[in-house]
Amino acid sequence: MAGKKQHIIPKFLIDGFASRVNGDEVYVWACRKGGKTFEPNTKSIIAEQNFYGGINEVSADDVITSLEGEYCGLIQNLRLTNNDLPITEISDPLIAEFIAHLVVRTKHIRESFKSSIQFLIDRLDEYFRIFSNIKKLLLNNPDFLRRKFEERLESEPITQSQKNLFIQIALSNISNYIDQNEQEFR
């Protein structure tokens with residue numbers, strides 16, 4: 001993990017707004033809601049403890065940190081672009097990727113994904129608690145059942161015609177088999 005205190009906005013982006021630099025220390029101007037202005041170090045601003053996941057949680061911080069090296073170079077090149085020209089064409093596809101990266105890393109988007117996935121899991125759980133739904137899913141997918149039978153019979157020492165006959169009989173009786181083994185399918 002890159003650290004417990006994780007930047008909400010990439011530090012290299014914040015550093016671009018430097019008010020002053022003192023060795024390795026970069027400072028920016030910040031304004032609080034009540035009008036208080038101060039000049040913090042970029043190490044401590046726009047950062048939150050375990051923002052991308054803490055100990056014993058799935059954390060996106062390592063992935064985000066590994067991606068940012070490429071994005072940092074992109075931003076440095078953009079900052080060096082000749083600003084004297086009235087129009088500068090910027091066509092690097094990495095720019096769109098970087099913008100998408102910034103959007104996805106927001107807490108709101110991550111929480112929305114998390115709640116959407118949880119909603120989906122809950123609905124699937126409800127759906128599959130009803131045995132008739134399990135049965136319907138299986139019976140509506142004969143190709144899946146056929147593949148599973150073929151995989152199971154692959155190593156059996158019988159001829160292909162015997163395997164085909166077994167699969168045909170199994171598929172024609174699968175509905176009864178599912179009913180008789182309801183607990184196993186649940």
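The distance from the CD1 atom of I169 to the CG atom of L165 is 4.0 Å, given to the nearest 0.5 Å. Taken to the nearest 0.5 Å, the OH atom of Y71 stands 8.5 Å off from the CG atom of L102. Considering CG of D15 and NZ of K43, their distance stands at 10.0 Å, rounded to 0.5 Å. Of the inter-residue distances, the one linking E154 atom CD with E151 atom CD reads 7.5 Å to the nearest 0.5 angstrom. With rounding to the nearest 0.5 Å, the separation of CD1 in I14 from CG in N41 is 10.5 Å. Interatomic distance, OG of S116 versus CD1 of I109, reported as 9.5 Å (0.5 Å rounding).
When all heavy atoms are compared, the tightest approach of L139 to I178 is CD2-CD1, 4.1 Å. Minimum interatomic distance between V28 and F17 (heavy atoms only, all atoms of both residues): CG1-O, 3.4 Å. Here the shortest heavy-atom pairing between F149 and I174 reads CZ-CD1, 4.0 Å. Minimum interatomic distance between F128 and I134 (heavy atoms only, all atoms of both residues): O-CD1, 3.2 Å.
Hydrophobic clustering (ILVMFWY, side-chain heavy atoms < 4.5 Å, transitive): L13 and L74 are in one cluster. Linking Ile, Leu, Val, Met, Phe, Trp and Tyr whenever their side-chain heavy atoms come within less than 4.5 Å puts I95 and I75 in one cluster. I121 and L137 end up in different hydrophobic clusters when Ile, Leu, Val, Met, Phe, Trp and Tyr side chains are linked at under 4.5 Å.
Annotation: cation-pi geometry satisfied between R123 and F119 (NZ/CZ under 6.0 angstrom from ring centroid, within 45° of ring axis). For the pair K36 and F38, the cation-pi test (distance below 6.0 Å, angle within 45°) is passed.
In terms of modelled atom types and a separation under 3.5 Å, the side chain of N133 and the main chain of Y127 share a donor-acceptor contact. No donor-acceptor distance shorter than 3.5 angstrom exists from the side chain of N141 to the backbone of D143, with no hydrogens or angles considered. Judged purely by atom type and a 3.5 angstrom limit, K135 has no side-chain atom pairing as donor or acceptor with the backbone of D179.
Residues R20 and E39 are in side-chain contact: their nearest non-hydrogen atoms beyond the backbone lie under 4.5 Å apart. E150 has its side chain out of reach of K163: every pair of non-hydrogen atoms, C-beta onward, lies at least 4.5 Å apart. Looking at C72 and Q76, their side chains come closer than 4.5 Å, going by heavy atoms from C-beta outward.
Residues Q168 and N164 have side chains that never bring a donor and an acceptor to within less than 3.5 angstrom of each other. T159 and Q162 share a side-chain donor-acceptor pair at under 3.5 Å. Remark: the D122 side chain and the Q118 side chain contain an N/O donor-acceptor pair separated by less than 3.5 Å.
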Walk me through it: do W29 and T37 pass the test side chain to side chain contact (heavy atoms under 4.5 Å, CB included)?
CA-CA 7 Å; W29 286 110; T37 303; 3.7 Å; yes
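The aromatic rings of F12 and F98 sit tilted relative to each other, their planes meeting at an angle between 30° and 60°.
By the 6.0 Å contact criterion, CG on D24 is open, its count of non-hydrogen atoms from other residues, nucleotides or ligands being 12 or less.
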